[in-house]
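First the structure, in the form of structure tokens, and then the observations on it.
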Amino acid sequence: MTTPTFHASDLTKTYRAGEVEVQALRGVTLDLYAGEFVVLLGASGSGKSTLLNILGGLDVPTSGEVWYRDHRLHGAGERELTQYRREHVGFVFQFYNLIPSLTAHENVALVTEIADDPMPVAAALASVGLEERCDHFPAQLSGGEQQRVAIARAIAKRPDVLLCDEPTGALDAATGVRVLAALEKVNRDYGTTTLVITHNADIARLAHRVLRMADGRIVGETRNEVRATAAELSW
Amino acid sequence: MLGRKLGRDLWRLRLSLFAVAMVGAVGVANLVMARATLESLRESREEFYGRYRFADVFAEVERAPEALARRIAHIDGVAAVDTRVLAAGRAELAGFGEPIRVMAVSLGEPDSANLNAVYLREGRLPAPGERRAAVLSDGFAQAHHLRVGSEVTLVLHGRRQRFTVMGIGTSPEHVAQMDPSAVFPDARRFAVAWLPRETLAAATDLDGAFNSVAITLQPGASEAAVLAALDRVLRRYGGRGAIGREYQRSHRYLSEELRQLDTMARTFPVVFLAVSAFILQVVLGRLVASQREQIGTLKAFGYGTWRIAAHYTGLALATGGMAALFGVAGGMLLGARMADLYREFYRLPWIDFHLSSSLLGIAVLVSLAGAVAGAALPAISAARLAPAEAMRAEAPSSRWVRRAGRRKRLPLGQSHRFILRNLQRRPIRSALTWLGLASGTAIIMMGRFQNDAIELMIDQQFRRTERHDIAVDAVQARGRAAQRELERLTGVLQVEPVRVLPAKVSFRAADYRTAVRVLDDGAQLRRTLDSDGRPIAAPLRGVLLTDYLARMIGAQPGDEILIDPLDARTPPVGLPLVGTTSEPFGAQAYVNAETFDAVFERSLQDAGWLLAVDRRRQPAVLRALDRRPYVAGIDQRGLAIRNFKDGMANTILTFTLIATSFGIVITLGVVYSAARVSLSEQSRDLASLRILGFTRSEVSYLLVGELVLLALAAVPLGFAAGHGLAALLTAGFDSDLFRIPHYIILRTHAFAGAVSLACALACGLGLRRRVDRLDLVAVLKARE
């Protein structure tokens, strides 16, 4: 067995909101391997976003351990986590989070400027099929196009990991399929470990491996012997 | 329920609104400070003038018999007449080696009208028979810590006499206590001494006679007619031309000061209130933008346009109210301090500093009106939103996107592009912030402008125009022998006579009473300079006028200027205007000595002398001058300048501090509001960037960079605005007494620019904490 890219064991996360304590994670243990395409399924409030935030270095666990290769993420300081995100992680958000005052090209360039070994901006946009639209502002792009720009932005720095939080959540099915195709291509072409969280079970057919979460725990794991392509999906 | 929302919005925005309110408060404080001081000074002056019977008309003569008073009293329009004896002289104080000039004024006799009566701060008036008792001016007494019972030696017409200080006070005629030949008060080296009439008459050989008369007019009397009649009566006694109150020196200075204060009260508050309206517009504009959905929901529920507009106007009124509260309180504190400063220069017996209810009303009204003006646009735009439109998030305007797409791309990094685009995206807000910051810089410049201008005035007047070391006044005008005697004194390098003819200078219908200075060829100790500072000699055939005087009477070079001697001994003479001189103080005419003698067919005697002295021998020269009976007053120029600067230092420091803190409040208010607004708008973008791996510093740079860029761009505009304000002030301050030059040194620019930038930077860094606390996780889930 190869060494996992991510190794998490017995993660818990408790949020305190005033007097109320919310236990978002109740002991999660998982490994993610290089080049894997993993879909994390679960209903709202199941803890999947919390898990993604911890893996992405946006949050730290209350207890338990989480390692990215030899980087210890639990108990890491703000500075180390920023460095970790900068060097290794690409994010794709549900609402794209593009900078409205910058064009597609500039949104991608914003990230390549701070990366050590980025790919050319045009190549990143071409890989999501948007080379023609590079001079458009987000307001001039459709939702699907904006999400593909976000993917181009995420992959342009050649991250080891791509973390996608409901990437099709704000899109209709046809558009969502094109976005997923872009993610699939990135995973295949660059070997980027990809973790997609969604509550859309259909998307799970795309994955090498599917994890199911409920109530802060991983409650099931399945492996797709035959993966569907994005084009075959419908919901 | 909207009231509750208003309350909570106020609480949530408290810091931003407080920042706006502080800028408004500065405007209100400025208004209250200037107007309350102005009103208080005016009222105190009027009350003093009224109660202590300040005269309406003054005239000086060489010597007129006391019986003439009755004739004067019979002039049509005259209400009361008081004859006096005046004498210029010197004082000597134990332990103070410098020359002191004295203006001795006879005290009113028991049966006199007692015009320009003495207000006693301390002690009493000399009783009949107390011949060696004096009342001294309070400024002088205070400067030398003199009390009732102190001794002082006065040298009048060459006679040295010791006096006991019986009282200390002031009079309406000497609110500005300064020597007639001085351009600024020097409390340590000038005193008014009120002496018993018989003592002064004896010292000046004016027993049964007078050399000055003060008159009050009947209500409705024509001052011009009385002046003309008085001149006719006094002509054969050596009258030097009667003057109305407006030409009385102390009154002129105080009036000029009040006029300047009035100019300030009209100029500055407008700037401050406009800036506060600007930034209120920015802050409320952002609030409306961030509450679009709430507004849409309220409207969908049936809240009317006016209710919504009124709701947002409520925020403005609360801000304006806060500004009024702080502004009035601050203005009263500063005004009281200003009044204290005025007490140093203008010896009014009391300054009843108070805030009138009308001024309070104006201050509150102005503050609220400014705030509402700032809120108008956002409130209207809030009220106008259609419910459905309001409930959608605001997209960048398609016009902006189209335009930005067409713009040429600058070869910039994306961070700088991010900053620039944010500024371009909200051009009105960026422009308002830019203007606000520039006005902060301009105000800080104003704080130091006075200092620069006064330095230049001193340089022009006392280093370049007047170049003597010692000025000497003669007891009475004298012939050339005195000059030759002074030239022989050891240590005296050069002596030039001072010859002055009081005259009315006129061109067509305009005239002005002034002194015609008669200059010898090649005079070095008092020069006439053109506007470039180059010496120009008084021409052989013609007259030079101070440029201000030429403008005042509307004369151009080549025009014939009529010079009418006030002593009326020789008829008026017309001379062509051949040039103008540039000098900061006074407005006078210059005629070459040869020309003067030829056209007026008489020679003037020397009224005094200017001396250049070997510095090392100056004490010996002063001692020698002291012994000369014909020497009335002595001035050491260097001391006077130093003393003036020392005296002004306190005032200038106060003004600089006030203006600088006002400027800082404005800059901080503008920067803080703008930064909060930017942060609230960009927090999502900034947090996204943090998630993408931007460090806190990099993200802060985007926010602080925007502020610093605006602040940098505002500096040149601030300089321009500062010069604009300086031009406005110098134009408002211009008078025949003095002109404040429009002159601001490089260091003042640097100071103002540096303070503004430092404020912007400090404020930006202060907000960094908020950038550090951006909620990264929330951003992942939040729709824009």
Side-chain angles (χ1 to χ4, degrees), chain A residues 15 24 44 49-50 52-54 56-59 78-79 81-103 105-115 121 135-141 146 150 153-154 156-157 159 163-166 169-170 197, chain B residues 393-407 409-426 678 681-699 701-702 706 771-784:
Chain A
Y15 293 107
S44 294
S49 290
T50 307
L52 180 119
N53 292 343
I54 291 172
L58 295 175
D59 208 346
E78 205 287 323
R79 198 178 296 259
L81 288 179
T82 302
Q83 197 60 27
Y84 158 68
R85 291 198 299 273
R86 188 174 184 132
E87 288 172 4
H88 303 291
V89 188
F91 279 97
V92 178
F93 310 103
Q94 179 177 4
F95 298 110
Y96 337 127
N97 294 43
L98 297 177
I99 306 297
S101 58
L102 298 180
T103 63
H105 183 278
E106 290 160 356
N107 261 286
V108 178
L110 190 63
V111 172
T112 58
E113 278 177 6
I114 60 163
V121 174
D135 282 336
H136 287 65
F137 285 93
Q140 297 169 305
L141 298 170
Q146 289 189 52
R153 180 176 67 178
K157 64 179 175 190
L163 299 176
C164 314
D165 192 349
E166 301 275 12
I197 65 173
Chain B
E394 190 185 19
S397 83
S398 51
R399 217 172 91 215
W400 179 82
V401 167
R402 272 202 312 280
R403 274 211 220 137
R406 279 201 304 271
R407 265 192 209 117
R409 298 282 149 81
L410 296 168
L412 288 175
Q414 305 312 320
S415 305
H416 295 114
R417 186 158 286 148
F418 178 95
I419 291 172
L420 273 186
R421 292 264 170 80
N422 273 329
L423 292 174
Q424 290 168 355
R425 222 174 124 179
R426 313 247 177 225
S678 290
E681 263 175 13
Q682 295 172 31
S683 57
R684 181 185 156 84
D685 291 348
L686 298 179
S688 301
L689 294 177
R690 288 277 291 120
I691 293 174
L692 295 176
F694 278 66
T695 60
R696 285 174 173 172
S697 307
E698 284 164 342
V699 168
Y701 177 75
L702 296 177
E706 187 180 319
V771 174
D772 291 350
R773 289 205 310 248
L774 282 174
D775 185 349
L776 304 189
V777 172
V779 162
L780 288 169
K781 287 291 174 195
R783 179 194 284 276
E784 191 175 10

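Letters go in sequence order (proteins before strands), and every chain restarts at 1.
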For this session: Starting at CG of L692(B), measure out to OG1 of T82(A) and round the result to the nearest 0.5 Å.
Result: 11.5 Å
Exercise. Where on R696(B) is there a heavy atom nearer than 4.5 Å to chain A: the side chain, the backbone, both, or neither?
Worked result: side chain
Problem set entry | Member of L110(A), N107(A), I99(A), I114(A) meeting the side chain to side chain contact (heavy atoms under 4.5 Å, CB included) criterion with Q414(B) | L110(A)
For this session: Can you see which heavy atom on N97(A) is nearest to which on S688(B), and at what distance?
Result: ND2-OG, 2.9 Å
Problem set entry | L776(B) to R85(A) - nearest heavy-atom pair and separation | CD1-NH2, 3.9 Å
For this session: Considering only NZ, NE, NH1 and NH2 on the basic side and carboxylate oxygens on the acidic side, decide whether R417(B) and E113(A) come within less than 4.0 Å.
Result: no
Exercise. R79(A) versus chain B, heavy atoms under 4.5 Å apart: side chain, backbone, both or neither?
Worked result: neither
For this session: State the CZ-CZ distance between F137(A) and R421(B), to the nearest 0.5 angstrom.
Result: 4.0 Å
For this session: Of all the heavy-atom pairs spanning R425(B) and P100(A), show the shortest one and how long it is.
Result: NH1-CG, 3.4 Å
Problem set entry | Proximal component of E78(A), with respect to chain B [non-hydrogen, under 4.5 Å] | side chain
For this session: Identify which part of Q682(B) has an atom lying under 4.5 Å from any heavy atom of chain A, answering side chain, backbone, both or neither.
Result: neither
